[in-house]
Chemist: 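Below is the structure I would like to discuss, written out as structure tokens.
On a predicted model such as this, the values are computed, not experimentally measured, just so you know. So that the names make sense, note that chain A is the first sequence line, chain B the second, and so on, each numbered from 1.
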Amino acid sequence: MSTALSVSGVERSFYGVRVLQGVDLTIKAGTLTGLIGPNGAGKSTLFNVISGLYRADCGSILLAGQEIGGFAKERRVAHGLVRTFQLARGFPKLSVFQHLMLYGQGQPGEGLLAALIGTGGERETELAERALSVARRLRLDHLLDNPVTALSGGQKKLLEIGRALMAAPRLLLLDEPMAGVNPALTEEIAAHLTALNREGITICLIEHDMGLIRRLCDPIIVMAEGRTLTEGSFSAVAADTRVQEAYLGRRH
Amino acid sequence: MVAYLLFALTLGGIYGLLALSLNLIWGGAGMVNLGLAGFFAVGAYASAIVTGAGAPVPVGLAAALLAGVAAGLVVTFSTLRLRDDYLAIVTLGFAEVVRLVALNERWLTNGSDGISGVPAPFKAALGIAGFNLFYLALVSGIVLVVWALLRRLDGSPFGRALKAIREDQELAGFAGKPVLRFKLQAFAVSAAVAGLAGALYGHYQTYISPDHFQPLITIYIFLAVSAGGVGRPSGALIGAYGVVFFLEATRFVAEVVPALQPVQVAALREMLVGAALILVFYLRPQGVLPERIPPAPRMS
């Protein structure tokens, strides 16, 4: 199996605190990898470094074999790396449909001249069709013209996944896609993730609900104190005493 | 009276261009440009200087466009890391720098005496009345073209990305949008339109001086865009004509209200502008023509 993402020796400090102390991990293409660890382990910071919100102090980040550590975030997206956020974010005055369209990559109509002349309509139609099918799939199609502020918390989470799909991602980084969502919708989102993964999208998700992690993810990577601790199937990871210590503290 | 109406409509068109310029950068990209009067001045002086050296008026207008673009790029590059209030402060400073340069670089701008005899195209051939009509048609035609282009921009993927940047520029980056490129292009186009407005103003008045480019113009345009509807070119345009007509209409209060000194009339006009603004925002907080969400296309 080929490698979707390979992170090695990544460090990052904030105000002298070393939040990432040399992270090494590999995400294999085609997997639905779970990233777990106690609060403060550095999971979200790692996502931020991989997605380009922060630069790593050192280390390398390879996306499908290409070093992306020096890329601006939009270039990482163009290379197929798309992320979502723990607290669903959106553009308050844009509609659901506009959110979906916005995430389409390679839009000629985004060039100033093309926009003034009015070309790029072909790609726009193509993206619109895709946006409608994504919306239908996530059952957001009745909300297309609503501003994103009118959505419920769960719908915002679905839209985050939907617009990420519009970017045709190679690797999807999901930061707690089910956080704060009711149980029925959690099941719905879980089913979507499994289906998307089966269709060939590599997914890495941060999640605190161990039941979900056990059902959805294989393999599971455990982080603690800014490092990767171990990796393996759920049962192997759960049986690891180092993991138990990281979550529960050392026995005295 | 007809001449006065033509004057108001022409001025309305020039303010309309400024409002379209501001609407693109403020309503579109969310960048607060308090230096609008500066770009207006740059365009006016560029065209006056070029045509003063013997070039025909169309070349002057082109020079104003280019000078606007150049000034726009300089300002954007020097404010790359600024947003909101801080960007507003620096752009306000930029407009004052332009005004002070115009005031002090006498070799270029003739200082506080200003540049007189800016060529008014076809004025000798058409006569004053004919010129006023011709110039109104010229300005209105340009307004129409710029409005149509900016409306197209507003509805294009470019405009969509720009609005996303206005709402949350970090998230726009995570959507794969090169934020800097969009901001530079939007600012350059906006500054070019303001520069063009300045050139049209100069050739209409045939005289420009630093006093013509006070920050108050910028404030009036902000008024126009806010009252007309931020984020929608048609709203900005309606707001601009509305502001000009209201400002002109308040001149007549002196005739209605008896026993006022000229200073008091001026103060009363300001008060009326303030009252009208409060009224508009009370009745239509989003402006007369608020921003719309374009509906998704219906497909089977």
Side-chain angles (χ1 to χ4, degrees), chain A residues 51-53 72-79 81-85 89-121 123-125 127-129 131-133 135 141 143-148 163-164 166-167, chain B residues 24 27-30 69 145-190 192-193 229-232 286 290-300:
Chain A
S51 62
L53 182 60
K73 37 186 182 298
E74 66 268 16
R75 234 177 121 196
R76 301 185 195 205
V77 179
H79 277 77
L81 180 84
V82 187
R83 69 164 298 176
T84 66
F85 294 88
R89 291 169 71 171
F91 307 101
K93 283 191 182 166
L94 299 193
S95 68
V96 168
F97 179 71
Q98 283 177 307
H99 273 78
L100 294 172
M101 293 298 284
L102 189 70
Y103 273 68
Q105 301 300 300
Q107 299 194 37
E110 284 181 354
L112 177 61
L113 279 181
L116 285 174
I117 300 164
T119 56
R123 175 79 175 131
E124 186 80 354
T125 315
L127 281 176
E129 274 165 19
L132 292 182
S133 84
D141 48 340
L143 299 166
L144 281 173
D145 291 336
N146 287 35
V148 70
R163 64 193 199 202
M166 287 298 293
Chain B
L24 171 63
V69 169
V145 170
V146 171
W147 168 78
L149 283 175
L150 291 185
R151 209 162 161 257
R152 179 176 273 182
L153 208 59
D154 187 58
S156 73
F158 182 92
R160 182 168 63 215
L162 217 52
K163 285 189 175 169
I165 290 168
R166 175 191 72 189
E167 306 281 294
D168 185 339
Q169 68 171 15
E170 188 182 281
L171 190 57
F174 282 119
K177 306 303 157 202
V179 172
L180 180 61
R181 197 258 292 169
F182 280 104
K183 280 185 162 184
L184 280 173
Q185 288 180 340
F187 213 117
V189 172
S190 163
V193 172
V230 186
R232 187 155 159 203
Q286 269 92 43
E291 187 176 344
R292 277 182 308 191
I293 289 183
R298 299 278 159 238
M299 290 177 198
S300 52

Chemist: Under 4.5 Å from any heavy atom of chain B, what part of Phe91(A) do you find: side chain, backbone, both or neither?
Modeler: both

Chemist: Please rank Leu81(A), Leu116(A), Leu94(A) by heavy-atom pairs under 4.5 Å with chain B and give me the top one.
Modeler: Leu116(A)

Chemist: Report which part of Pro147(A) has an atom under 4.5 Å of a heavy atom belonging to chain B: side chain, backbone, both, or neither.
Modeler: both

Chemist: Between Met166(A) and Leu127(A), is there a side-chain heavy-atom distance shorter than 4.5 Å?
Modeler: yes

Chemist: Please look at Gln105(A) and chain B and tell me whether the side chain, the backbone, both or neither of the residue comes under 4.5 angstrom of a heavy atom of that chain.
Modeler: side chain

Chemist: At a 4.5 Å cut-off on heavy atoms, which part of Ala172(B) comes close to chain A: side chain, backbone, both, or neither?
Modeler: both

Chemist: Given the options Leu171(B), Leu149(B), Leu162(B), which has more heavy-atom pairs under 4.5 Å with chain A than any of the others?
Modeler: Leu171(B)

Chemist: Drop me the distance from Leu113(A)'s CG to Thr119(A)'s OG1, to the nearest 0.5 angstrom.
Modeler: 9.0 Å

Chemist: Which bit of Arg83(A) is near chain B, if near means a heavy-atom gap under 4.5 Å: side chain, backbone, both or neither?
Modeler: side chain

Chemist: Knowing that exactly one of Val193(B), Val189(B), Leu24(B) qualifies, which makes a side-chain contact (heavy atoms from CB on, under 4.5 Å) with Val146(B)?
Modeler: Val193(B)

Chemist: Do Lys163(B) and Gln98(A) come within less than 4.5 Å of each other through their side chains, counting heavy atoms only?
Modeler: no

Chemist: Quick one: of Ile117(A), Asn146(A), Val82(A), Leu144(A), who has the most non-hydrogen atom pairs under 4.5 Å with chain B?
Modeler: Ile117(A)

Chemist: Counting C-beta onward and ignoring hydrogens, is there a side-chain heavy-atom pair between Glu291(B) and Gln286(B) closer than 4.5 Å?
Modeler: no

Chemist: Would you mind reporting whether Phe97(A) and Pro297(B) have side-chain heavy atoms less than 4.5 Å apart?
Modeler: yes

Chemist: Give, as side chain, backbone, both or neither, the part of Met101(A) having an atom under 4.5 angstrom from any heavy atom of chain B.
Modeler: both

Chemist: Taking the side chain as C-beta and beyond, is there a heavy-atom pair between Arg160(B) and Lys177(B) under 4.5 Å?
Modeler: no

Chemist: With respect to chain B, which residue among Ala72(A), Ala78(A), Gly111(A) yields the maximal number of heavy-atom pairs within a distance under 4.5 Å?
Modeler: Gly111(A)

Chemist: About how many Å separate NZ of Lys93(A) and CD of Glu167(B), when rounded to the nearest 0.5 Å?
Modeler: 6.0 Å

Chemist: For the atom pair CG (Leu53(A)) and NZ (Lys73(A)), what is the distance rounded to the nearest 0.5 Å?
Modeler: 6.0 Å

Chemist: Counting heavy-atom pairs closer than 4.5 Å to chain A, which one of Gly155(B), Gly173(B), Ala186(B) comes out on top?
Modeler: Gly173(B)

Chemist: Under 4.5 Å heavy-atom distance to chain B, tell me which part of Arg163(A) shows up: side chain, backbone, both or neither.
Modeler: side chain

Chemist: Who wins among Pro294(B), Pro178(B), Gly159(B), Ala148(B) for the most heavy-atom pairs under 4.5 Å with chain A?
Modeler: Pro178(B)

